[in-house]
Q: 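The structure is given below, and queries will be raised subsequently.
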Amino acid sequence: MSQLAEVDFVTESINENLFWLRIMKEHALFMSQGFDRNDKKLIREADQFFVVFDKQLAELATLRRDSDVVRKFNEQTIILARSFREFKSKVLLLIIQCKIAGFNFPLLIDHIAREAGYFVETLKGLNKGRREPLADRIVDENVFWLRIMADHSKFIASLLDPSERKLVTVASTFSDEFDQLLAQARDLESMVKQTEPSFFNVLTRFTEDAQRATTDLRNFKQDARDLIQQCRVLSLINPVLADHVTREANKFLSILNDLSNRAQNDSTTQ
């Protein structure tokens, strides 16, 4: 583990909170809209999380860029995100036990619970001030994000109107591609955990493959988002959701670009 400089800690903490607090707020919106209208208690809980994360975002905008202040803010956010993850897990259990109805796919709730857990772990890592070794970071990020991208592709295919045959086929093709990449990432993860290398060159090629696939998917999401906003495609996809998944693809690309730059530096020093 390498140490994280204080200036990097503040900048990265602000950026992660800016991105993920908005994502969490939108998760609350999607859940609320997907509940059966008779499940008023669950709707109220989801709506309360929307308000809480919105307030946290507003507080972030005026936050003093001081490491101690930011660290305390991170701790507050961790508590909120962990509580939201527990709510999502509770809802998922109710769905899979057929105790509630509605329009929230079980995989969607599992998906957004994973994202809340990722947010919590990201902030905990920042507060500890440590950077994960490069090989571990590459496989860990890819195992998480490739599954997210595969899920997105499945959600898009299932929420498009069946008459949109070409778009459904494209989304399904992306799902297959990211499932394959995810399987490879898990194989590489196992190799890294077994041997604990600082780096090996296959990770460079794999990162490039993930970048290409994610760029293509991001472009598809952008096009779909624009069509949805212009009412030029038949679907059940909320325009906010279309923008939401596009931003997440851009987030993964940003992470991949950072990993690629670190990998290039490491390969030249081997």
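Position 1 is the first residue of the sequence; numbering continues from there.
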Q: Do we see a donor-acceptor contact under 3.5 Å between the side chains of Tyr118 and Trp145?
A: yes
Q: When you compare the side chain of Phe199 with that of Arg262, does any pair of heavy atoms fall below 4.5 Å?
A: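 Not touching, per the 4.5 Å side-chain cut-off.
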Q: Before you tell me yes or no, could you show the steps for Val192 and Asp140 under side-chain contact (heavy atoms from CB on, under 4.5 Å), namely the whole-Å CA-CA distance, both residues' side-chain angles and the distance that decides it to 0.1 Å?
A: CA-CA 10 Å; Val192 167; Asp140 288 348; over 6 Å; no
Q: Is Asp66 close to Val70 at the side-chain level, that is, under 4.5 Å between some pair of heavy atoms?
A: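 Counting from C-beta outward, Val70 and Asp66 never come under 4.5 Å.
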Q: Taking the side chain from Asn257 and the backbone from Leu253, do they hold a donor-acceptor pair closer than 3.5 Å?
A: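 The answer is yes, because a donor-acceptor pair under 3.5 Å joins these two groups.
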Q: Apply salt bridge (charged side-chain N to carboxylate O under 4.0 Å, His left out) to the pair Lys72 and Asp68, showing each step before the final yes or no.
A: CA-CA 6 Å; Lys72 183 177 180 181; Asp68 290 335; over 6 Å; no
Q: Quick one: CG on Leu182 to CZ on Arg186, what's the gap to the nearest 0.5 Å?
A: 4.0 Å
Q: Could you check whether atom NZ of Lys193 has more than 12 heavy atoms from other residues, nucleotides or ligands sitting under 6.0 Å from it?
A: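 Result for NZ/Lys193: enclosed.
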Q: Please examine the side chains of Leu42 and Lys90, heavy atoms only from C-beta on, and report whether any two atoms are closer than 4.5 Å.
A: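 A side-chain contact exists here, since the closest heavy-atom pair is under 4.5 Å.
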Q: Less than 4.0 Å between a side-chain N and a carboxylate O, is that true for Glu115 and Lys88?
A: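 Here Lys88 does not pair with Glu115 in a salt bridge, since their nearest N and O are not under 4.0 Å apart.
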Q: Atom CG of Asn38 and atom CD1 of Ile43: how far apart are they, to the nearest 0.5 Å?
A: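 Result: 8.5 Å between the selected atoms.
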Q: I'd like a table of donor-acceptor pairs (distance under 3.5 Å, sequence neighbours excluded) in which one partner is a side-chain atom from residues 46-55, with atom names and distances.
A:
from  : atom 1 : to    : atom 2 : distance (Å)
Asp47 : OD1    : Ser32 : OG     : 2.8
Asp54 : OD1    : Lys25 : NZ     : 3.1

Q: Please set out all donor-acceptor pairs under 3.5 angstrom arising from side-chain atoms of residues 226-233, sequence neighbours excluded.
A:
from   : atom 1 : to     : atom 2 : distance (Å)
Gln230 : OE1    : Arg232 : NH1    : 3.0

Q: When the side chains of residues 76-87 are checked against the rest of the protein, which donor-acceptor pairs come out under 3.5 Å, sequence neighbours left out?
A:
from  : atom 1 : to    : atom 2 : distance (Å)
Thr77 : OG1    : Asn17 : OD1    : 3.4
Thr77 : OG1    : Gln56 : NE2    : 2.9
Thr77 : OG1    : Phe73 : O      : 3.0

Q: If we only count heavy atoms from C-beta on, is the Ser13 to Leu126 side-chain gap below 4.5 Å?
A: yes
Q: Answer yes or no: is there a side-chain heavy-atom contact under 4.5 Å between Val168 and Pro162?
A: no
Q: Is any side-chain heavy atom of Phe200 less than 4.5 Å from a side-chain heavy atom of Thr195?
A: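 No, their side chains stay 4.5 Å or more apart.
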Q: Rounded to the nearest 0.5 Å, what separates atom CG in Asp243 from atom CD in Glu26?
A: 7.0 Å
Q: Between His244 and Phe30, is the ring centroid distance below 6.0 Å?
A: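 Between His244 and Phe30, the centre distance is under 6.0 Å.
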Q: Can you check whether Leu234's main-chain N or O pairs, donor with acceptor, with Glu164's side chain at less than 3.5 Å?
A: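 Yes; at least one donor-acceptor contact below 3.5 Å.
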Q: Under the side-chain hydrogen bond (donor to acceptor under 3.5 Å, both in side chains) rule, collect the residues that match up with Asp161, sequence neighbours excluded.
A: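 side-chain hydrogen bond (donor to acceptor under 3.5 Å, both in side chains) check on Asp161 returns Ser163.
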Q: Calculate, to the nearest 0.5 Å, the distance between atoms CG and CZ belonging to Leu259 and Phe252 respectively.
A: 8.5 Å
Q: Looking at Asp39 and Phe35, would you say the former's side chain and the latter's main chain have a donor-acceptor pair under 3.5 Å?
A: no
Q: Let me confirm one number: the CZ-OG1 distance from Arg212 to Thr207, rounded to the nearest 0.5 Å.
A: 10.5 Å
Q: Under 3.5 Å, which donor-acceptor pairs do the side chains of residues 4-11 form with other protein atoms, sequence neighbours left out?
A:
from  : atom 1 : to    : atom 2 : distance (Å)
Glu6  : OE1    : Ser67 : OG     : 3.0
Thr11 : OG1    : Val7  : O      : 3.0

Q: Looking at Asp176 and Lys154, does any basic side-chain N land under 4.0 Å from a carboxylate oxygen?
A: no
Q: Below 4.0 angstrom, N of the basic side chain to O of the carboxylate: do Glu208 and Arg205 qualify?
A: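 Looking at Glu208 and Arg205, the cut-off is not met.
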Q: Before you tell me yes or no, could you show the steps for Arg247 and Phe19 under side-chain contact (heavy atoms from CB on, under 4.5 Å), namely the whole-Å CA-CA distance, both residues' side-chain angles and the distance that decides it to 0.1 Å?
A: CA-CA 9 Å; Arg247 277 183 273 120; Phe19 178 80; 4.3 Å; yes
Q: I need the Asp151 CG to Ile112 CD1 distance, nearest 0.5 Å.
A: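 Answer rounded to 0.5 Å: 11.5 Å.
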Q: Under 4.5 Å between any side-chain heavy atoms of Asp136 and Glu141, yes or no?
A: no
Q: List the atom pairs, donor and acceptor, that lie under 3.5 Å between side-chain atoms in residues 215-222 and the rest of the protein, sequence neighbours left out.
A:
from   : atom 1 : to     : atom 2 : distance (Å)
Thr215 : OG1    : Gln211 : O      : 2.8
Arg218 : NH1    : Asn250 : OD1    : 2.7
Asn219 : ND2    : Thr215 : O      : 3.3
Lys221 : NZ     : His152 : ND1    : 2.7
Lys221 : NZ     : Val245 : O      : 3.1

Q: Using 4.0 Å as the upper bound for N to carboxylate O, is an ion pair formed by Lys251 and Glu16?
A: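 Yes, this pair counts.
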Q: Counting distance only, does the side-chain N/O of Ser158 pair as donor-acceptor with the main-chain N or O of Phe155 below 3.5 Å?
A: yes
Q: Does a salt bridge link Glu12 with Arg131, judged by any charged N lying under 4.0 Å from a carboxylate O?
A: yes
Q: Within the structure provided, determine whether Phe174 and Thr169 are in side-chain contact (heavy-atom separation under 4.5 Å).
A: no
Q: Could you check whether any side-chain N or O of Thr246 sits under 3.5 Å from a backbone N or O of Ala242, counting only pairs where one atom can act as donor and the other as acceptor?
A: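 Checking the backbone N and O of Ala242 against the side chain of Thr246, a donor-acceptor pair under 3.5 Å is found.
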